[in-house]
Every structure is written in C-alpha cells, then in structure tokens.
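Written out below as structure tokens is the structure these notes cover.
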Amino acid sequence: KAGVTQTPRYLIKTRGQQVTLSCSPISGHRSVSWYQQTPGQGLQFLFEYFSETQRNKGNFPGRFSGRQFSNSRSEMNVSTLELGDSALYLCASSPTTGNTGELFFGEGSRLTVL
Amino acid sequence: SQQGEEDPQALSIQEGENATMNCSYKTSINNLQWYRQNSGRGLVHLILIRSNEREKHSGRLRVTLDTSKKSSSLLITASRAADTASYFCATDAGNQGGKLIFGQGTELSVKP
C-alpha cells in the first residue's frame, strides 16, 4: 500500500507570494492533518480534515488555509508569504478522526521564503 | 505552547548502550505516542500507550507512562547507529479531535 505522498518536496518562494501544497493520504484514510515544523517552534498543528470538513484548527493566522477533496486528497495554501513561514510542512493521514491511533506522515514539503 | 517537554534535548551514546528519553505533558490525555524522525524526513510512529496503561514494549523499545506525574519515558535498548534520529512524544490533548501536541524532541546520536 502506498504511503502518504506530499508534493512538491522542495520549493522556494519570495515574500508576498502564495503557495499551495498537496497531500495524498494512504488509500482508505479519510483524515488528513497538517503540521508545520520549524527549528524554533517545533511541530505545530495547523488543521485536520475529515470527510471534506475541517475538524480542528491550530493557532495560525487566516493566511493559512486548507481543503479536502472527495477522494480525501488535501491541499493547504499559504497566502502573502512571510519569511517566518519557511518550514517543513508535514501531512499525516489516519483512517479515522479523534486521535484514536497513530498518524502516518509523508516526507514533507520544505518551503523556503526569501 | 507545546504540551510536551522532552529531556534531554540531545543525547550521544555508543552502539550497544541504552538510551532513555523523557517527556512531560500538561493536561489530561487519552493516549501518548512516540515518533521518530530522521533528519529532514517525515515522522514514523513507534508506539502508542493509552492512559490506562503503565508500560508497553515493542521490540527494543519500552515505554512507560505515569499519569500522576504527567510523564512518559522511552527506552531504546542495545542501540544501533541506525537509531540515530530525533524522537518526539505526542499527546492527544484530551479529545481535541485530530490534533496531536508534540514535544520539542530529543536528538539521539548513536556512535558506532
């Protein structure tokens, strides 16, 4: 069974631009969560989607948004990029919502904002 | 702020030695998990322990949970160079659906 796939793996943007990251969960998994990882703040929860509905949202500004499609694939978007948005963005999937078990992570999308 | 605090932040040992990492958290939990991350890669789930469990084993891994002290430890026995990675504890923060709160991690270096 294929794992969680994130694209692109690496990207460089400049301040003020926007970026869209994509995540394909493991087949049959309906929950997709997104996390931001930086050296200073560590791993921080962005949001979780289950059956196309946002179930929970972390403490991030409105510039960070996401969505989930009917095939469970998810995208997250960051608008008006700031230098501090440089990070590894990790997507994770699980069969169900509610933190009942492990998360399966992708390899991440490393965003550099110049 | 992070729910989990990990100790030590970095640990360097020789192959064959045991490695112990500790995690403390702040609020009540349903379960606690440990993950491993090789440099710049995704996280890999190691083990999950539920709040009503005190100890769990998986291969060379042993996890303990003390809910009265809000702490957990991860023991890796007979470490190998391939165990070199960062290790994170993660809690469910008590029914905040779909959200895990991660500690800052312990960076383990196992020297051959």
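Every value quoted in this text rests on a predicted model; they were computed, and no experiment measured them. The chains referred to below are lettered A, B, ... by the order of the sequence lines, with proteins before strands, and numbering in each begins at 1.
Surrounding CZ of B/R60 are more than 12 heavy atoms belonging to other residues, nucleotides or ligands, all under 6.0 Å away. For CZ of A/R63, the number of neighbouring non-hydrogen atoms (other residues, nucleotides, ligands) closer than 6.0 Å is greater than 12. The number of heavy atoms from other shown groups lying within 6.0 Å of CD (A/E107) is above 12.
Neither the backbone nor the side chain of A/Q6 comes within contact range of chain B; no heavy atoms are under 4.5 Å apart.
For a heavy-atom cut-off of 4.5 Å, chain B lies close to A/L88, A/L90 in residues 76-94 of chain A.
A/F47 is not connected to A/F50 by any chain of hydrophobic side-chain contacts under 4.5 Å among Ile, Leu, Val, Met, Phe, Trp and Tyr, and they are in different clusters. Note on A/I26 and A/Y49: separate hydrophobic clusters, where clusters join Ile, Leu, Val, Met, Phe, Trp and Tyr whose side-chain heavy atoms are under 4.5 Å apart, directly or indirectly. Clustering ILVMFWY residues whenever any of their side-chain heavy atoms sit less than 4.5 angstrom apart, transitively, puts B/I13 in the very cluster that holds B/L61. Both B/L11 and B/V63 sit in one connected hydrophobic cluster of ILVMFWY residues. Membership requires side-chain heavy atoms under 4.5 Å apart, directly or through other members.
With rounding to the nearest 0.5 angstrom, the CG atom of B/L46 is 9.5 Å from the CD atom of A/E102. To the nearest 0.5 Å, atoms CG (B/L100) and CD (A/E48) are separated by 9.5 Å.
Of the listed residues (A/K57, A/R9, A/Q37), the one with the most heavy-atom contacts under 4.5 Å to chain B is A/Q37.
Applying the ring-ring contact (aromatic ring centres under 6.0 Å, His included) rule to pairs touching residues 37-91 of chain B yields B/Y35-B/H45, sequence neighbours excluded.
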